[in-house]
Amino acid sequence: MSSLSLIRKVACPLFLCVALAVAGCVTQETYNAQVIRTNNFQRQLAEEEKRSADLTAEIARLKNQVVELEAQNRALTAQLKEAKAQVVRSLEEVGRLQDEIKQARAAAVAPLGAAAPISKARGVAPSSTEPPDRLDELKDNAASPLMKSNAGTPSPAAP
């Protein structure tokens, strides 16, 4: 029994040392390096989470701005459409008044035996006292697809 007890006394500490070495005992330097590395990763993660939260807030702000700008665009498009319609009505009124003036002149001249007034031909430049005849052009613009549909974004170069 003494040889068995001797083997136990020597083998147990040897087995314990081998088990500790295989189980992953590390030096203090390796441990400290891993702790520093872990702390760096945690700091980087916190920075990235903060940056992500900032970017999420910026995205929400920009989405709100897009909604506001789209509403403003719709309002301005409606104002433009109304202004064009008002110009068309004004030009129609000017045309009507010009026709009345021509008829009044014709009525005043007709008893004297003068010829009836000649209507203005298309493409002829107006006299210095007549406003330009843009009624047809404005009517065409008012009927354009831009004015019929508010779904698209109007071009800033559109008249």
Side-chain angles (χ1 to χ4, degrees), residues 1-100 120-159:
M1 282 234 205
S2 69
S3 71
L4 191 57
S5 107
L6 182 62
I7 293 177
R8 281 186 186 167
K9 284 183 181 179
V10 173
C12 280
L14 183 60
F15 177 73
L16 186 60
C17 287
V18 170
L20 286 175
V22 172
C25 286
V26 294
T27 64
Q28 185 68 30
E29 294 158 358
T30 306
Y31 174 78
N32 289 341
Q34 287 298 335
V35 167
I36 291 170
R37 185 174 176 211
T38 301
N39 289 341
N40 283 338
F41 283 142
Q42 288 175 345
R43 180 185 49 79
Q44 288 175 347
L45 177 63
E47 288 172 359
E48 290 302 319
E49 286 174 345
K50 182 184 181 303
R51 184 169 182 253
S52 177
D54 291 344
L55 290 174
T56 301
E58 179 72 6
I59 287 170
R61 186 188 67 77
L62 290 174
K63 283 182 179 179
N64 288 339
Q65 186 178 7
V66 165
V67 169
E68 290 170 4
L69 289 174
E70 286 174 346
Q72 185 179 8
N73 185 34
R74 284 190 298 273
L76 290 174
T77 301
Q79 285 178 356
L80 177 63
K81 185 178 180 180
E82 179 58 34
K84 283 185 178 185
Q86 185 176 0
V87 168
V88 167
R89 289 190 301 269
S90 296
L91 287 175
E92 287 173 344
E93 179 67 15
V94 166
R96 187 186 60 76
L97 291 173
Q98 284 177 339
D99 289 342
E100 287 178 11
K120 184 172 77 170
R122 274 203 169 289
V124 176
S127 70
S128 63
T129 60
E130 290 182 345
D133 186 12
R134 295 186 57 210
L135 183 59
D136 292 332
E137 178 185 331
L138 288 171
K139 282 183 181 177
D140 290 342
N141 284 344
S144 72
L146 170 67
M147 299 311 293
K148 287 183 182 175
S149 152
N150 226 357
T153 304
S155 166

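Using a 4.0 Å cut-off between charged side-chain N and carboxylate O, E82 and R89 make a salt bridge. E93 has a carboxylate O that lies under 4.0 Å from a charged side-chain N of R96, or vice versa, which qualifies the two as a salt bridge.
Of the inter-residue distances, the one linking Q98 atom CD with L91 atom CG reads 9.5 Å to the nearest 0.5 angstrom. For the atom pair Q72 CD and E70 CD, the distance stands at 11.5 Å (nearest 0.5 Å). With rounding to the nearest 0.5 angstrom, the CD1 atom of I36 is 6.5 Å from the CG atom of N32. Note: L76 CG to L69 CG = 10.0 Å, rounded to the nearest 0.5 Å. Here the CG atom belonging to L55 is positioned 10.0 Å from the NZ atom belonging to K50, to the nearest 0.5 angstrom. Here E58 contributes atom CD and R51 contributes atom CZ; the two are 12.0 Å apart, rounded to the nearest 0.5 Å.
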Begin with the C-alpha distance, continue with both residues' side-chain angles, and end with the deciding distance and a verdict on side-chain contact (heavy atoms from CB on, under 4.5 Å) for R37 and N40. CA-CA 5 Å; R37 185 174 176 211; N40 283 338; 5.7 Å; no
side-chain contact (heavy atoms from CB on, under 4.5 Å) for Y31 and Q28? Distances and angles first, verdict last. CA-CA 5 Å; Y31 174 78; Q28 185 68 30; 4.0 Å; yes
Can R43 and E47 be said to form a side-chain contact (heavy atoms from CB on, under 4.5 Å), step by step? CA-CA 6 Å; R43 180 185 49 79; E47 288 172 359; 3.2 Å; yes
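At distances below 3.5 Å, not a single donor-acceptor pair connects side-chain atoms of S52 with backbone N or O atoms of E48.
The closest side-chain heavy-atom distance from V66 to L62 is not below 4.5 Å. Contact check for Q42 versus L45: no side-chain heavy atoms found under the 4.5 Å cut-off.
Atom CD of E29 has 12 or fewer heavy atoms from other residues, nucleotides or ligands within 6.0 Å.
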